[in-house]
Structure formats: structure tokens, C-alpha cells
Amino acid sequence: MDYIGEQLLPGRIGHFFVILSLVASLAATVTYFFAARRRGTPEGDQWRRLARIFFAAEAFSVLAIFGILFYIISNHLFEFKYAWQHSSRALEPKYLLSCFWEGQEGSFLLWSFWHCVLGLVLMRKGRQWEAPVMTVVSFAQVLLATMIAGIHLFGMKIGSNPFVLLRNELQAPIFSSADYLSKITDGNDLNPLLQNYWMVIHPPVLFLGFASTLIPFAYAIAGLWTREYKSWTKPALSWALFSAGVLGTGIMMGAAWAYESLNFGGYWAWDPVENASLVPWLVLVAGVHTLLIFRHTGNALRSSFLFLILTFLLILYSTYLTRSGDLQDTSVHAFTGEGIAKWHLRALVAVFMVPSLFLFIRRYKQIPHVAKEEEASSREFWMFIGSLVLLLSAITIIVMTSLPVLNKIGNLFTDKQLFKPLAMGEDSAFAYNRIQVFVAVIMGLLTAITQYFRYKSTPKALLFRKLLWPTLITLVLAGLVLGFGKINYDVYGAGFMAAIWVAVICALYAVVANAAFIWTGMNGKLRAAGGSVAHVGFGILLVGILVSSSKKEVLSHNTTGIFVPMGEGSKEKPGENLTLVQGLPTDMGAYWVTYSRDSAHPEKPLWFYALDFSSKDSSERFTLKPNAFVNYKGNSGLMANPDAKHYWNYDVFTYITSLSNDPGKPVEDTAAFKPQTLKAGDTAWYSKGFLVLEGVQSRDHIPQAGFAPTDSASVATVKVFAKTSSIYTLQPLLVTKAGEPFPVADTVTAEGLVVQLQRVSGGGYELGIKESDAVLRYITLKAYKFPFINLVWLGTLVMVAGIGMSLVRRVRLNRTPGLKI
């Protein structure tokens with residue numbers, strides 16, 4: 001059948017480059033392998049030149065795939081499944097790039113793109129390590145290329161091609177028609193959770209972080225392979241610093257996205273996808289410190305090999321966790337497991353894990369090591385202890401994150417009736433926090449004091465003298481913070497609160513001691529103080545995390561008595577959610593809050609709510625505009641994007657937890673008027689208060705369009721007294737038009753109350769009273785006060801800046817011939 005309107009050429013060209021990418025990366029792997037085996041010979045140089053051509057072809061292929069896929073998405077070519085599944089015509093242009101990384105194929109393509117960029121840099125700067133390192137990089141590209149190959153081999157489908165046609169993937173009657181494209185008016189759209197500017201910039205930075213961990217890994221493997229166990233550490237340290245900085249930035253960009261776009265009330269919820277990024281970073285930072293130890297003392301070389309190998313393996317394992325679908329029930333932003341087969345993801349992990357660990361174990365005894373143990377008074381001793389703490393923290397987190405996988409494995413090898421699934425309980429965040437708070441204590445303390453030690457050994461008197469003033473300043477600051485900061489977080493008991501206090505003191509110590517070290521230890525040479533600057537940032541980050549989390553204050557305590565259902569499975573506490581009726585100022589602590597108006601997106605089920613805040617002392621007014629939507633992709637139910645008011649020392653953070661009705665689907669009014677006969681001054685009751693008929697006046701002339709001079713009306717004045725102490729005045733009309741009576745109701749929207757004047761007879765008046773949810777518009781709001789949240793972002797910026805300063809200095813040192821460190 002010839003289908004009308006299909007543009008098949010972009011897909012055919014894209015598929016050609018997919019195959020070329022696979023073939024070129026495989027050829028680059030083989031030729032770089034032979035170049036490494038014959039390094040330093042003319043034949044090896046010939047293999048290397050050929051390998052460069054193949055890798056350049058691979059890089060060009062990936063770039064071409066990227067460009068063609070963007071063309072398909074941006075031109076809404078819905079004959080291709082990827083464009084239909086991840087985009088729509090209503091999608092803002094700035095989010096078109098986000099369509100790439102919503103799908104598994106696009107995110108693997110982004111990962112591969114960064115490998116190509118880094119590989120091209122290595123080809124230019126790698127020098128004598130180019131061949132063995134690029135062998136590993138090219139092999140990684142082979143495996144990533146298989147993820148988007150979409151070819152069938154021996155009855156198995158390998159990868160998922162982003163250029164497949166929609167009619168070949170979906171079974172539907174529409175595809176029996178040659179003009180089926182005329183019936184596909186729009187795409188499936190981008191997940192609303194991803195329609196945020198952070199999702200345009202966060203994934204590329206994060207995936208650059210993921211991709212960059214391959215380079216230190218490749219250097220470590222090259223060192224084991226060639227038996228050149230020491231010289232690889234010099235370039236690897238620079239790459240490890242680069243990777244630590246970029247990956248850390250990507251992780252915290254994700255935290256900023258969560259803070260602005262997700263409704264779990266903060267920037268970190270120990271979500272499995274968050275953990276999957278954090279764990280490799282922790283191990284990588286440990287590897288950076290062991291590399292520094294080796295470069296200065298010759299110790300910790302074996303540990304450096306292990307940490308850098310584990311970093312990349314954990315990236316791969318995290319890839320399996322987040323893409324296999326095993327975590328889709330425990331994570332708000334894991335892939336569902338569609339597109340890429342689980343066996344393929346497992347093979348990706350195994351193909352790297354088995355050979356690399358085998359090579360490390362086989363070469364372990366040959367790796368040079370210093371037989372003499374480090375002195376307890378040496379810097380390298382405490383740096384190594386800190387690295388071990390980071391490793392243990394990472395292991396704890398990844399094991400707890402992997403519980404769904406461990407449970408599945410347990411069910412395979414044991415009797416399901418005997419095997420009890422492992423679980424962390426309902427409060428999973430506290431399960432992590434009660435362990436990691438002690439990690440914060442240890443790391444804060446070690447970060448503070450370690451730099452004051454010298455390599456090899458440190459005289460005690462010198463150490464105490466240098467630490468005296470930082471310690472005294474810290475004690476004063478800690479006293480002020482704990483005395484006046486009111487960090488009284490006793491939700492989980494006095495023991496956990498005491499642990500937070502100690503962690504805050506240690507974090508402050510890290511900030512003060514490292515800031516002081518820049519002047520006392522580095523003599524004010526800021527260019528050489530990258531490590532201290534990074535540690536200052538880490539300390540600020542710790543303080544921000546501890547204070548903002550432990551002093552997070554709920555502002556939206558329900559004082560109205562109006563409790564609405566939070567929905568099945570919701571973990572929200574009704575008493576911490578304030579119901580706001582449209583137009584009614586509501587008491588919320590230090591503020592009066594009014595739900596003033598709402599608006600809808602012109603093309604999507606997305607609604608914006610204007611909340612007017614006014615401080616009770618009348619010192620300020622501001623408006624927040626959180627939005628809410630029914631997630632039409634992925635999990636059903638109400639989703640929300642928060643909004644926050646930022647101050648230098650705290651944020652007012654809000655998000656919607658419940659709506660009165662879908663604004664796009666008005667509620668049908670099925671309530672009936674209940675007649676009551678009253679005289680002037682009489683009282684009638686309704687469920688939320690009472691009303692008083694003050695009187696009725698007659699009007700012989702109604703000067704409004706549509707009324708004749710002979711028409712008349714009676715106007716009732718009704719006072720409504722609500723249980724909330726609010727008082728309203730209604731004036732329902734009974735219009736006589738051409739001899740026929742027509743009641744015109746008046747409404748108190750905040751009370752859901754409608755009143756009619758139905759009949760006037762002698763001294764009595766008949767009022768029709770109706771209570772209806774159809775006229776009551778409300779939202780339910782969750783509001784927090786995050787104190788000193790800006791310390792989290794400031795600490796991140798300072799830490800990354802410090803890592804960048806260290807990287808620049810390390811690159812300069814590497815260019816100095818004969819310099820050992």
C-alpha cells in the first residue's frame with residue numbers, strides 16, 4: 001500500500017547513520033586495539049591514524065542522527081513513532097529538545113554524543129595514552145550504538161531504533177487506510193513533568209557527567225592493560241576532577257528542577273533516580289582524593305584503580321536500575337522499561353563489569369604499593385578514611401535503592417512463602433536520613449581538619465596551634481546558630497535532633513576551617529586553594545541541607561475546618577493542607593491568602609492559580625502562581641508545579657494538592673432549591689451558618705437592557721452569617737416580565753450558597769435556598785517555609801567553582817615537564 005503524505009527519506013537516512021555509527025565504532029575499537037598493542041612503532045601509528053578516521057566517522061554519524069531526529073520532531077512528522085510519542089504541535093519550541101531525552105533512545109543518543117565529544121578531545125590531547133584509552137571509549141560507543149540499532153539477530157531484537165514508523169509499531173485500524181496521517185492530528189505530547197526549563201539544560205549536563213566518568217575508568221583500565229601502573233594517574237586526575245564537577249552540577253540541577261517542578265515538597269526525596277546519580281559521584285569524589293594521595297605520597301594506588309572502576313560500573317548499574325522498569329513503582333521519574341530489553345541492559349553492565357574487575361584482580365598484586373602504613377598524624381591517612389566513608393555511604397544508598405531488585409532476585413531463588421520482601425517502611429526518607437546524618441558528621445569533621453595535617457606526619461603542637469582559632473570561631477558560631485536558630489527538630493526524637501545539632505556544628509567547622517586555611521595554609525594564594533574552596537562550598541551545602549530540612553516549617557495548617565479528600569494513596573496530611581475558597585481571604589499564619597483567580601492553558605489540561613499573599617502586618621504583598629494538571633501521560637491523577645517566593649534567608653514554597661473540580665469539565669449542578677417562607681427579620685439555617693431576611697423592596701422601573709418600562713421587580717436583602725465569621729449580603733431578585741415572574745438568584749461562591757426570591761405574598765416571602773458544590777470553587781494548598789534554602793544553591797556553586805579551580809591548576813601543573821604532582 002502506498003501511504004499518502006509520509007516522508008520516509010529522513011528515517012532512511014537516519015537509519016543509515018545508525019548502522020554506520022555501529023560499524024564505525026566497532027572498527028575504531030579494533031583499530032585502536034591494534035594501535036595500543038603496537039604503541040610506539042610505525043605500524044602502531046598507522047593503526048592509530050586509521051582508528052581516528054573510524055572514530056571521526058562515528059562522531060559524524062551520531063551528530064547526523066541527532067540532527068535528523070530533531071528535524072523529525074520539530075516538523076511534527078508523526079509517521080515516525082518517536083515524534084508522535086514524545087511531542088505535539090502545542091509543545092513550546094523551547095521544549096522540543098526535551099523530547100530527545102524523554103525516550104530511552106534519545107537519552108542513549110545524548111550519552112553517545114558526549115562520548116564522541118570527549119573522544120575527540122582525547123584524540124587531540126591524549127598523547128601517548130590515546131590508543132589504549134580510546135580503545136575503551138570506542139568499545140563503550142559500540143555498546144551504546146547497539147541500544148539504538150533496532151536490528152534483529154538470531155531472533156532477538158537488539159536495541160530500539162528511533163526512526164521506526166508508527167504504523168509498524170502500533171496495531172490499529174487507522175493504519176489500514178492509505179491516508180491515515182490525515183487522521184493523526186497531533187502527537188502524544190511531552191510528559192507535563194518535563195515541560196520545565198530545567199529539563200532543557202539539566203539532562204545534557206547530567207549526561208555529560210555520566211559520559212565523563214568513562215574517561216578516568218578508561219585510563220585506569222589502560223594502566224592495568226599496559227602495566228604502566230603509575231603514569232596514567234597524571235591525566236586521569238584532571239579528568240576525574242572534570243567529571244566530579246560536571247556530574248555534581250548535573251545532580252544539583254536535578255534538585256533545582258525537583259524543587260521547582262515536583263510536588264514532594266523540596267529538592268531531594270531520596271528518589272531512586274536521584275540516588276542512582278548520587279552514588280557514582282560519591283565514589284568518584286573518593287577516587288579523586290585517593291589519586292591526590294598517590295600523587296603526593298605513593299599510597300592508595302590500588303584504591304584509586306578500584307574507585308575509578310567502580311564509578312563507571314555504578315553509572316552502568318544505575319542505568320539498568322532507572323531504565324529496566326524495576327523502579328517505576330518507587331520512582332517519580334524512572335523509565336517504564338519500554339523500548340530496551342532488560343537482558344540488553346544487563347549485558348551492558350556485565351560486559352564492562354566482568355572484564356574490568358577480572359583485570360583488576362589479576363593485576364592486583366603487581367600494582368605498586370607502599371608497605372609501610374600511613375601515620376595517623378598524616379594528611380593521607382585521614383583523606384583515605386574520608387574516602388572509605390564516602391564509599392560506605394554509597395554502598396548503603398545503592399543497597400537501599402536496589403531493594404526492589406533484590407526482592408525480585410530473592411523470589412527467584414527462595415520459596416516465595418518463606419521469603420519476606422525487604423522494605424524500608426512508609427517513611428523511606430527517614431530511613432536514609434538517619435544513616436546519612438552520621439555521614440554528614442564524619443565528613444564535616446574530616447573536611448575541616450584534614451587539610452591542616454601535613455603529608456607523611458604532622459607535629460601535634462603545630463596542628464593544635466593552627467586549629468585553635470578556627471575551632472573557637474566555630475564554637476561561637478555554633479552557639480549562636482543552635483541558641484537562636486531554633487533547630488529543634490524533634491519529630492523523630494531527641495537522639496536524631498542531637499545528631500542534627502552535631503552535624504550542623506561539623507558543617508560550620510568545615511566552612512570556617514577551610515576558609516581560614518586559605519589564608520593560613522595557602523598564604524592567601526587563591527589560585528592554589530581550589531581544594532579549600534571546594535570544601536568551603538561542601539560545608540555550606542551541608543549547613544543548607546541540614547537547616548533547610550530540619551527547620552522546614554508547614555505554613556498551611558488547616559484552620560478553616562474544611563477538609564477535603566487528598567485522593568487514594570496520597571501521603572498528604574489533611575491537617576497540613578489549607579483549603580482556599582475563591583475570593584475568600586484565609587488565615588495562614590503570618591499571612592492572609594486569597595485564591596483570587598485561575599486560568600487555563602489554551603491547548604492543554606493545565607491550570608494556573610493566582611494566590612494573593614498579604615502579611616498581617618501589611619508590610620508586603622505578593623502573588624504566587626502554582627499550577628496543577630491531570631497527568632495525561634504516565635501515572636494518572638493530579639500533578640502540580642510549585643511556585644515560591646524567594647527571600648535571602650528563606651523561601652515560601654507552595655503547591656496545589658486538591659481541586660474542587662476539573663476546570664475544563666464544569667460540575668453539573670444537581671442540587672434543588674428548598675423553599676422557606678420568612679418574614680422580615682426571620683432567620684433560616686444552612687449547613688455552614690445562617691441567613692437573615694432583612695427586608696424586601698419593590699421596584700416599578702428597571703433601567704437595564706432587556707427590560708420594558710412596565711416590568712417590575714422585588715429585591716430582597718439577605719444577610720449571610722457563615723461559621724467562618726464571614727458576613728455576606730445578598731440581593732436576589734423576583735422580576736415580573738410581561739406578567740410572568742422570573743427569579744434571579746444571588747450567590748455566595750465561598751459558601752456554595754445560592755438564594756432565590758421565589759414569591760411575594762402579603763407580609764410573607766418565599767426564599768429558595770440551595771447549597772451546591774457547582775458554585776463553590778476551591779483549591780487545597782500545601783505551603784512550606786524553607787529557611788536558608790539558598791545555602792544549598794550557594795554551597796553547590798562554591799563547591800563546583802573550587803573543583804574547577806583545582807582542575808585548572810592541575811592542567812597547568814601537567815604541562816610543566818618533570819613535575820611529579
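On a predicted model such as this, the values are computed, not experimentally measured, just so you know.
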Worked verdict on W268 versus E274 for side-chain contact (heavy atoms from CB on, under 4.5 Å): CA-CA 8 Å; W268 196 267; E274 296 170 338; 3.6 Å; yes
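- A heavy-atom distance below 4.5 Å is found between the side chains of M253 and W198.
- Side chains of N577 and T657: a donor-acceptor N/O pair is present below 3.5 angstrom, by distance only.
- Checked against L693 for a side-chain contact (heavy atoms from CB on, under 4.5 Å), the options V718, L730, D682 give a single hit: V718.
- Applying the salt bridge (charged side-chain N to carboxylate O under 4.0 Å, His left out) criterion to D490, with sequence neighbours excluded, gives no partner residue.
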Chi angles and distances behind the side-chain hydrogen bond (donor to acceptor under 3.5 Å, both in side chains) call for S548, Y267: CA-CA 10 Å; S548 64; Y267 50 86; 2.9 Å; yes
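- Between T729 and D746, the shortest heavy-atom distance links the atoms O-OD2, 4.4 Å.
- A donor and an acceptor atom, one from each side chain of D612 and T594, are nowhere located under 3.5 Å apart.
- Y647 and E620 form a side-chain donor-acceptor contact under 3.5 Å, judged by distance and modelled atom types alone.
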Candidate pair Y686 and K688, rule side-chain hydrogen bond (donor to acceptor under 3.5 Å, both in side chains), full reasoning: CA-CA 6 Å; Y686 72 105; K688 300 175 185 177; over 6 Å; no
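- A cation-pi arrangement is present between K785 and Y650, with the terminal nitrogen or guanidinium carbon under 6.0 Å from the aromatic centre and inside a 45° cone about the axis.
- Y492 and N433 share no donor-acceptor pair across their side chains, judged by distance under 3.5 Å alone.
- Judged by distance alone, the side chains of Y432 and T401 do bring a donor and an acceptor atom under 3.5 Å apart.
- Cation-pi check for K625 over F608 is not met; the charged atom does not lie both under 6.0 angstrom from the ring centroid and within 45 degrees of its normal.
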side-chain hydrogen bond (donor to acceptor under 3.5 Å, both in side chains) between E576 and S556, intermediate numbers included: CA-CA 6 Å; E576 295 182 353; S556 53; over 6 Å; no
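- Atom NZ of K616 sits in a crowded spot, with more than 12 heavy atoms from other residues, nucleotides or ligands closer than 6.0 Å.
- Between L584 and Y728, the shortest heavy-atom contact is CD1-OH, 3.2 Å.
- Here the shortest heavy-atom pairing between A672 and K770 reads O-CG, 3.7 Å.
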From CA spacing to verdict: side-chain contact (heavy atoms from CB on, under 4.5 Å), V696, V715: CA-CA 5 Å; V696 178; V715 183; over 6 Å; no
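- Scanning both residues, I769 and Q676, for their nearest heavy atoms gives CD1-NE2, 3.9 Å.
- Residues M199 and S98 share a closest heavy-atom pair of O-OG, 3.3 Å.
- More than 12 heavy atoms of other residues, nucleotides or ligands sit less than 6.0 Å from atom NZ of K183.
- In this structure, the separation between CD1 on I500 and CE on M497 is 8.5 Å, given to the nearest 0.5 Å.
- Of all heavy-atom pairs spanning D643 and P626, the tightest one is CB-N, 3.7 Å.
- A cation-pi arrangement is present between K645 and F622 under the rule of less than 6.0 angstrom and at most 45 degrees off the ring axis.
- Here the rule is side-chain hydrogen bond (donor to acceptor under 3.5 Å, both in side chains) with Y197, and of E260, E92, K94 only E260 fits it.
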Full working for side-chain contact (heavy atoms from CB on, under 4.5 Å) between V652 and Y591: CA-CA 11 Å; V652 175; Y591 300 96; 3.9 Å; yes
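- Classified by interplanar angle (parallel below 30°, tilted 30° to 60°, perpendicular above 60°), the ring pair F496/F430 is perpendicular.
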Audit row: I789, N649, side-chain contact (heavy atoms from CB on, under 4.5 Å) steps and yes/no: CA-CA 7 Å; I789 183 69; N649 57 341; over 6 Å; no
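- Q697 and S714 form no side-chain donor-acceptor contact under 3.5 Å, judged by distance and modelled atom types alone.
- A donor atom on one side chain and an acceptor atom on the other are found under 3.5 Å apart for Y259 and D651.
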